[in-house]
Amino acid sequence: MAAWLLGVNTLKIQPFNLPALGPHDVRVRMKAVGICGSDVHYLKTMRCADFVVKEPMVIGHECAGIIEEVGGEVKTLVPGDRVALEPGISCWRCDLCKEGRYNLCPEMKFFATPPVHGSLANQVVHPADLCFKLPDNISLEEGAMCEPLSVGVHACRRANVGPETNILVLGAGPIGLVTLLAARAFGAPRIVIVDVDDYRLSVAKKLGADEIVKVSINLQDVATDIENIQKAMGGGIDVSFDCAGFNKTMSTALGATRPGGKVCLVGMGHHEMTVPLTPAAAREVDIIGIFRYKNTWPLCLEFLRSGKIDVKPMITHRFGFSQKEVEEAFETSARGGDAIKVMFNL
């Protein structure tokens with residue numbers, strides 16, 4: 001059985017025929033699946049950016065579970081192993097895959113990105129090399145959190161975050177919060193996070209932000225916000241992560257970052273933006289794009305195993321896998337408010 005997206009605001013638990021188990025595949029019983037903002041987008045609009053749902057699709061991609069069966073050529077995993085799943089299967093043949101940037105593969109087959117089915121199901125079949133064994137001290141829920149955490153880890157790698165990098169994070173939603181956690185684990189000495197919502201800022205403070213700044217939603221307040229942010233930092237901002245992706249947040253990031261610094265666009269709120277690019281270019285501020293992640297699961301698991309990162313406080317709501325609970329879970333996630341990460345326990 002799986003949660004099928006059938007139309008706008010229509011999810012139904014229905015039978016799901018698993019593909020055949022290939023020699024390098026494993027069959028995994030799903031135990032923990034998180035809800036992502038993209039899942040909510042698909043439910044509300046049947047699309048996310050340029051990806052459009054044209055036929056019924058199983059939803060979900062942040063997941064962990066227990067191996068039930070392995071293909072004949074699988075040597076690294078056995079039934080009973082607890083694993084976190086990396087949701088994207090690249091072709092491994094194109095130039096981007098060969099140069100190691102497989103997250104940009106044009107043939108990527110990614111859980112719950114149309115027309116590929118997702119993982120909010122009792123079982124899935126997945127390549128063994130994309131299933132990562134969980135250390136004994138990490139729960140299945142934490143394993144599922146490796147997916148959003150990977151976005152923060154990839155962003156920090158792209159921006160070369162280290163012990164000399166002062167960080168600004170714009171947006172204290174789930175991706176802003178994992179970026180905060182990743183930046184700290186990479187050694188960032190000072191992190192300021194901003195949002196329009198008091199509750200989310202309070203969560204960010206609990207997760208270790210040095211300073212929190214409540215900002216305005218009005219574009220005309222950018223200059224004031226920048227002043228408040230720079231005052232809170234108390235020094236130059238080396239890297240800004242825009243984890244919202246709006247005109248306002250990107251304009252703030254470009255203006256707040258020190259000359260020669262970097263702005264990393266992580267969130268994708270607006271498809272197109274009008275931002276003050278020329279003044280930023282005149283200060284040699286580099287703009288870095290982010291798309292998903294690559295080779296992040298081993299590092300995420302090590303951060304969790306060692307205690308350098310604790311994602312548990314981010315999981316605010318839990319639901320079972322019944323028709324009623326699936327509907328309630330998505331409503332809770334879409335509503336926002338005090339919901340940060342909504343998790344299914346299957």
Side-chain angles (χ1 to χ4, degrees), residues 34 36-38 61-62 103 142 144-197 199-215 229 232-233 237-246 248-250 252-254 256-257 261-269 285-297 299-304 308-316 336 340-341:
C36 170
S38 66
H61 63 268
E62 303 177 0
N103 55 312
E142 291 170 276
M145 287 296 290
C146 284
E147 199 280 339
L149 181 57
S150 285
V151 177
V153 166
H154 182 59
C156 287
R157 279 178 174 166
R158 289 270 290 148
N160 289 324
V161 172
E164 296 179 306
T165 323
N166 287 330
I167 301 291
L168 168 65
V169 178
L170 298 106
I175 293 299
L177 296 174
V178 292
T179 303
L180 156 72
L181 292 172
R184 186 65 86 208
F186 273 77
R190 189 157 176 81
I191 304 170
V192 173
I193 189 162
V194 309
D195 201 283
V196 298
D197 184 88
Y199 174 73
R200 295 200 160 195
L201 286 171
S202 72
V203 174
K205 192 74 177 148
K206 285 193 195 102
L207 288 173
D210 294 295
E211 294 288 342
I212 53 175
V213 179
K214 189 175 183 180
V215 290
I229 289 163
M233 180 61 80
I237 294 164
D238 302 300
V239 176
S240 293
F241 291 105
D242 182 356
C243 297
F246 296 118
K248 167 80 171 30
T249 49
M250 196 59 179
T252 305
L254 290 168
T257 304
K262 298 183 185 114
V263 172
C264 215
L265 182 54
V266 185
M268 296 182 177
V285 172
D286 294 343
I287 297 173
I288 297 168
I290 293 295
F291 188 62
R292 294 176 178 154
Y293 34 67
K294 61 185 177 75
N295 300 317
T296 48
W297 260 253
L299 182 55
C300 288
L301 289 171
E302 174 53 27
F303 279 154
L304 294 172
K308 270 195 162 183
I309 288 180
D310 181 9
V311 289
K312 294 190 290 295
M314 285 184 61
I315 305 167
T316 53
I340 302 288
K341 182 56 64 179

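- Taking the side chain as every heavy atom from C-beta outward, Met250 and Ile287 approach each other to under 4.5 Å.
- Within the 3.5 Å criterion, the main-chain N or O of Gly289 finds a donor-acceptor partner in the side chain of Arg158.
- Sorted by first then second residue, the side chain to side chain donor-acceptor pair (under 3.5 Å) pairs that include residues 181-195, not counting sequence neighbours, are Arg184-Asp210.
- For the pair Phe303 and Thr296, the minimum side-chain heavy-atom distance is 4.5 Å or more.
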N/O donor to acceptor pairs below 3.5 angstrom from side-chain atoms of residues 166-180, sequence neighbours left out:
from, atom 1, to, atom 2, distance (Å)
Asn166, ND2, Gly236, O, 3.4
Thr179, OG1, Ile175, O, 2.7

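- A distance of 10.5 Å separates CD in Glu142 from CG in Leu149, rounded to the nearest 0.5 Å.
- Across all non-hydrogen atoms, the minimal contact from Ala209 to Ile212 is CB-CG2, 4.3 Å.
- Considering only heavy atoms from C-beta on, Leu265 stays 4.5 Å or farther from Ile290 through its side chain.
- A donor-acceptor pair is defined here as one N or O able to donate and one able to accept, closer than 3.5 Å; such a pair exists between the side chain of Lys262 and the backbone of Ala159.
- Summarising the geometry, atom CG belonging to Leu304 is positioned 8.0 Å from atom NZ belonging to Lys312; distances are rounded to the nearest 0.5 Å.
- Judged by distance alone, the side chains of Thr249 and Asp242 do bring a donor and an acceptor atom under 3.5 Å apart.
- Separation of atoms OG (Ser150) and NZ (Lys294) is listed at 12.0 Å; rounding is to 0.5 Å.
- Counting only heavy atoms from C-beta outward, the side chains of Asn103 and Tyr293 never approach each other to under 4.5 Å.
- For the atom pair Asn295 CG and Cys300 SG, the distance stands at 11.0 Å (nearest 0.5 Å).
- Rounded to the nearest 0.5 angstrom, Phe241 CZ and Ile191 CD1 are separated by 9.0 Å.
- Residues Ile340 and Tyr199 meet the side-chain proximity criterion, which asks for heavy atoms closer than 4.5 Å.
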>> Assess the residue pair Thr252 and Ile229 against the criterion (side chain to side chain contact (heavy atoms under 4.5 Å, CB included)); give the C-alpha distance rounded to whole Å, side-chain angles, the decisive distance to 0.1 Å, and a yes or no.
In response: CA-CA 9 Å; Thr252 305; Ile229 289 163; 3.6 Å; yes
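- Closest approach of Thr316 and Pro313 over heavy atoms only: CG2-O, 4.2 Å.
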> Which is it for Val215 and Lys248 under the side chain to side chain contact (heavy atoms under 4.5 Å, CB included) test, yes or no, and what are the steps along the way?
Replying inline: CA-CA 10 Å; Val215 290; Lys248 167 80 171 30; 4.2 Å; yes
> Phe291 and Met268: side chain to side chain contact (heavy atoms under 4.5 Å, CB included), yes or no, with the steps?
Replying inline: CA-CA 10 Å; Phe291 188 62; Met268 296 182 177; 4.2 Å; yes
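- Within the 4.5 Å cutoff, side-chain heavy atoms of Leu299 are placed close to those of Phe186.
- Closest approach of Val194 and Leu201 over heavy atoms only: C-CD2, 3.9 Å.
- Side-chain contact between Glu147 and His61 is present, with at least one heavy-atom pair separated by less than 4.5 Å.
- Between Val266 and Val151 there is a side-chain heavy-atom pair separated by less than 4.5 Å.
- Salt-bridge annotation for Lys341 and Glu62: present, with a side-chain N of the basic residue lying under 4.0 Å from a carboxylate O of the acidic one.
- One distance of note links CG of Leu207 with CZ of Arg200; it measures 12.0 Å at 0.5 Å rounding.
- Under the ring pair (Phe, Tyr, Trp, His ring centres under 6.0 Å) criterion, His154 pairs with no residue, sequence neighbours left out.
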